[in-house]
Amino acid sequence: MSLIILVGLIGLIVGTMIGTVGIGGVLLAPSLVFLLGMDLPLAMATSMWSFLFTGLMGVVVYGRKGSIDWAMSGWLVLGIIPASIVGARTNVSLPTNVLAGILVAVLLYSAWNALVKQQLLGSSGTIIAPHWLVCIGIIVGFGSALTGTGGAVMLMPIFLLLSVPVLKAVGVVQGIQLPIAISASIGFVLFGQVDLMLGTALGFVQAVGVWIGAQVAHRVHSERLRGFAAVALIVSAVLLVRQIILG
């Protein structure tokens with residue numbers, strides 16, 4: 001029972017981080033590995049399934065607040081959908097240690113971006129050409145499915161470099177979560193396996209967290225949560241390295 005509560009708490013924390021700063025989903029797969037002893041490929045696939053629910057909640061909440069650039073999200077999705085399926089297929093064909101190594105790199109890179117005190121200072125009129133958005137979508141879709149993350153870990157650093165405003169960036173992340181989760185989950189169901197029951201339960205808990213996080217994102221500064229996210233990402237990376245060493 002205590003383990004169930006702990007997993008639920010992790011889901012709530014992850015969902016809140018997704019709703020507030022976009023980044024957070026990358027923590028879920030490592031948590032399932034360490035808390036439940038799941039194989040990493042299954043943990044990644046199950047995490048991706050749970051993002052169906054966080055994506056839906058993110059679209060509803062951020063959409064109602066007018067914080068999603070639908071045109072930008074749409075061009076990204078054109079690249080995301082096919083790339084996510086390919087990423088899921090690649091995931092199930094790679095050795096677990098290789099997947100763990102890739103995820104460690106993603107965790108540390110995401111932590112570095114969270115620790116850097118830069119904000120996305122571009123103007124609200126920041127424009128990225130549609131063909132570049134499609135290309136970015138291909139990178140984000142493939143990388144998200146390959147690592148079992150929700151998209152923000154791949155997209156937020158790119159938007160940081162392109163000076164997209166923070167709230168706009170988080171809004172677009174919410175807009176692309178659902179397409180990534182749907183297409184990647186199809187790939188995992190076709191080529192691998194998913195714990196649908198656990199993923200669904202986690203998804204509902206995380207959806208509540210996304211709603212909470214969205215309220216926070218539109219009201220307060222997110223710097224403290226960014227710091228917490230960085231620490232959690234680094235700890236997860238260290239634990240994964242330990243897992244690789246111990247086999």
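All heavy atoms count here, side chains included; hydrogens, waters and symmetry mates do not.
In this structure a side-chain-to-backbone donor-acceptor pair under 3.5 Å is missing from Asp39 to Pro41. Of the possible donor and acceptor atoms, none in the side chain of Ser73 sits under 3.5 Å from a partner among the backbone N and O of Trp70. Side-chain N or O atoms of Tyr62 include none that pairs as donor or acceptor with a backbone N or O of Met57 at under 3.5 Å.
The distance from atom CD1 of Ile10 to atom CG of Leu202, rounded to the nearest 0.5 Å, is 10.0 Å. The CD atom of Gln193 lies 8.0 Å from the OG1 atom of Thr46; values are rounded to the nearest 0.5 Å. How far CZ of Phe142 is from CD1 of Ile180: 13.5 Å, rounded to the nearest 0.5 Å. Here Ile139 contributes atom CD1 and Leu155 contributes atom CG; the two are 10.5 Å apart, rounded to the nearest 0.5 Å. Here the OG-CD1 distance, from Ser144 to Ile80, works out to 7.0 Å after rounding to the nearest 0.5 Å. The line from SG of Cys135 to CG of Leu133 is 9.0 Å long, rounded to the nearest 0.5 Å.
Proximity of Leu28 to Phe51: side-chain heavy atoms (C-beta onward) are separated by under 4.5 Å at one or more points. Considering only heavy atoms from C-beta on, Asp195 comes within 4.5 Å of Met197 through its side chain. Between Trp75 and Ile136, every side-chain heavy-atom pair lies at or beyond the 4.5 Å cut-off. Looking only at side-chain heavy atoms (C-beta outward), Leu198 and Leu32 come within less than 4.5 Å of each other. Counting heavy atoms from C-beta on, the side chains of Val61 and Val210 never come closer than 4.5 Å. The shortest distance between side-chain heavy atoms of Val216 and Thr16 does not fall below 4.5 Å. Counting only heavy atoms from C-beta outward, the side chains of Gln177 and Leu56 never approach each other to under 4.5 Å. A 4.5 Å side-chain heavy-atom check between Leu76 and Val172 finds at least one atom pair inside the cut-off.
Considering all non-hydrogen atoms of both residues, Ala145 and Ala88 come closest at CB-N, 3.5 Å.
At most 12 heavy atoms of other shown residues, nucleotides or ligands fall within 6.0 angstrom of atom CZ in Phe204.
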**Request:** Check the pair Leu27 / Met17 against side chain to side chain contact (heavy atoms under 4.5 Å, CB included), numbers first and verdict last.
**Result:** CA-CA 10 Å; Leu27 293 173; Met17 291 168 62; 3.7 Å; yes
**Request:** Would you please test Met44 and Met38 for side chain to side chain contact (heavy atoms under 4.5 Å, CB included) and show each step?
**Result:** CA-CA 10 Å; Met44 288 178 168; Met38 294 179 69; over 6 Å; no
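Side-chain N/O atoms of Gln206 and Ser50 include a donor and acceptor closer than 3.5 Å.
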